[in-house]
Amino acid sequence: MQWKSWLQAAAIAALMAGIFIADTVTDLEIAAAVFYIAIILLAVGRFPRRNVIALAGLCILLTLASSTLTVGGAREAGIVNLAISTSAIGVTAWLALRVVAAEAAAHAARAQLVRLARVTSLGELTASIAHEVNQPLAGIASSANACLRWLGQDPPNLERARASAERALRDANRAGMVIQRVRSLARHEAPRRERVDLNAVVDEALQLARGELERNGIGLELALAEALPAVLADRVQLHQVVGNLLLNAIEAMPCVPEAGRRIAIATAREEQSVILAVADSGIGFAAGAQERLFEAFWTTREGGTGIGLTISRAIVEAHGGRIWAVANAPSGAIFRVSLPISGARR
Ligand code: ADP
C-alpha cells in the first residue's frame, strides 16, 4: 500500500511541475495556474486533510512564483489572472475538504445506524438461540441421566450407558450446529442448499425427541411416504422446523390424560411439493389464537419465547414453502409444511 501512496505523490508532483513550467513560459494573459485545481481534486480523499491544505498553499506559492518569473504579457492581465487562479485554488480546496468531511460524517452515521439495528435485533437473536438450543440441551440432560442410571445398576449396564452417552454426544453436536447456523444468520450468510430427504430429517428430529416422548407417555404414529422426492434445502434449518413442531406438539399434551396422548407425523408428495404434517391430540388452539400463532413473541406458554413458529415460518418461506395450522379432530392441532421438491419449477 505504501508504494501506491508514493506513486500517487510522485504523479501529483510531476503534474505540479508541468503546470508550473507551463504557467511560467506562457504569457501573463494565460492563466495556466487554474489547472492546479486538478491537483487539489486529485489529492482530496487520497491524502490527509492537512496535506491537502499544505498542497493548496504550495500551489498558490508556485502561482505567485510563476507570475513573478514570467516575462511576456501585460502586467494588469497578469494580476487579474493571479487573483483568479489563487482564489480558485483556495476555494476548491475549501469546498473539496468540506465535501469529504460531510461524506465522512454520513459514513459514521450509517455505521452507527447499522450498529443500532444490530443491538435491536440482538434481543431477538438471543431469544432464538435460547429456543433452538433448548431442545438438544434437554436431550443431553435426559441422556446423561439415563447414562448415570445404567451405570448405577448392579452390575452396570455398560452397553446401554454407552448408547446414552452417544445420544448426549449427538445432541451436543446438534446444539453446536444450531449455534453455528444462528451465527451465520447474524452474519447474513446465505443458507446452504443441498438435496435433503425430509424423511431423514424427521428421523433425526425424532431421535432427539424420543426421550421426551417416552417421558411424557406420548404414542407416536409415523406415516412417512416411500420414495419421497428430495427438497433443495438447508438441512439444519429444516431440522429446526421439524424439531420445533415436535416440541410444540409435546408441550401441548400435559392437560391430556396419558392414554390419549398421541402425535402423528406424516410426509407425502403433493404435485410439485412435499408435505409434512405434525398432528397432535393436545389442547389445540383457543378461539382467536390460530391467526396469531406465527406472530413473533406471541406465546401462551409459561416460559415460552413465542419465537419458535416465527423462525419456522421464516425458514419455510425462505425455502419457497408454506406453513400453516389447522385444528385436529376431535382435539389438538395439525401443523403442515409444504416445500417445493428439488428441481420443481415454480
Ligand atoms: P413457544 O413454544 O415458545 O410459545 P412458538 O412460536 O413455538 O413459541 O408457539 C407460539 C404459540 O403457539 C404457543 O405458545 C402455543 O400457544 C401455540 N402453539 C404452538 N404449537 C401448538 C400446538 N401444537 N398446539 C397448540 N398450540 C400450539
Side-chain angles (χ1 to χ4, degrees), residues 121-139 141 174-175 178-179 181-182 185 201-202 205-206 208-213 215-223 236-258 260-267 275-319 321-338:
S121 61
L122 200 64
E124 292 161 37
L125 201 66
T126 315
S128 95
I129 295 171
H131 189 278
E132 302 307 333
V133 173
N134 235 1
Q135 271 178 271
L137 279 187
R174 170 63 53 185
V178 169
I179 287 183
R181 298 304 295 144
V182 175
L185 216 69
V201 174
V202 170
L206 276 174
L208 273 184
R210 213 165 282 279
E212 284 290 297
L213 291 171
R215 217 186 356 265
N216 290 286
I218 301 171
L220 179 70
E221 290 162 24
L222 267 185
V236 178
Q237 286 191 348
L238 278 198
H239 193 286
Q240 284 179 9
V241 173
V242 179
N244 193 37
L245 294 182
L246 210 51
L247 198 70
N248 278 351
I250 294 170
E251 285 173 344
M253 294 296 180
C255 317
V256 179
E258 213 171 307
R261 295 181 185 172
R262 303 212 64 79
I263 292 179
I265 304 178
T267 55
I275 307 282
L276 163 79
V278 180
D280 65 67
S281 57
I283 41 165
F285 318 117
Q290 209 162 332
E291 297 79 54
R292 309 201 58 193
L293 292 173
F294 298 94
E295 264 176 38
F297 305 115
W298 189 83
T299 178
T300 57
R301 277 199 273 271
E302 204 176 317
T305 58
I307 204 161
L309 286 177
T310 316
I311 293 172
S312 299
R313 182 165 68 177
I315 291 174
V316 171
E317 288 181 353
H319 285 79
R322 210 160 71 81
I323 181 170
W324 70 103
V326 290
N328 198 5
S331 69
I334 307 177
F335 280 82
R336 281 186 213 280
V337 176
S338 142

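Note that the structure is a prediction, hence the values are computed from the model and not measured. One-based numbering, in listed order, for ligands and for the atoms of each. Sequential numbering from 1 along the given sequence is applied to the chain's residues.
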Logged contact type for Trp298 with ligand 1, heavy-atom cut-off 4.0 Å, is both
Tightest non-hydrogen contact, residues Ser331 and Ser281, listed as OG-O, 3.6 Å
Review point. Strictly under 4.0 Å, does any heavy atom of Leu293 approach an atom of ligand 1?
Key: yes
Q: Say whether Thr310, considering both its backbone and side-chain N or O atoms, lies within less than 3.5 Å of an N or O atom on ligand 1.
A: no
Applying salt bridge (Lys or Arg N to Asp or Glu O under 4.0 Å) to Arg313 and not counting sequence neighbours gives none
Ranking Ser331, Gly284, Ala325, Gly308 by closest non-hydrogen atom to atom 25 (C) of ligand 1, top hit is Gly284
Applied to residues 283-295, the side chain to side chain donor-acceptor pair (under 3.5 Å) test, sequence neighbours excluded, yields Arg292-Glu295
task = Look at ligand 1 and say whether Phe335 reaches it with a heavy atom at a distance under 4.0 Å.
result = yes
Counting heavy atoms under 4.0 Å, the part of Leu245 that contacts ligand 1 is neither
**Q.** Backbone of Ile263 reached by a side-chain donor or acceptor of Asp280 within 3.5 Å
**A.** no
What one should report as the nearest heavy-atom pair of Ala249 and Val278 is CB-CG1, 4.3 Å
With a 4.5 Å heavy-atom cut-off, do Trp324 and Ser338 have their side chains touching?
yes
- prompt: Under 3.5 Å between some N or O of ligand 1 and some N or O of Leu309?
  reply: yes
* Asked: If we only count N/O pairs under 3.5 Å, is Thr300 in contact with ligand 1?
  -> yes
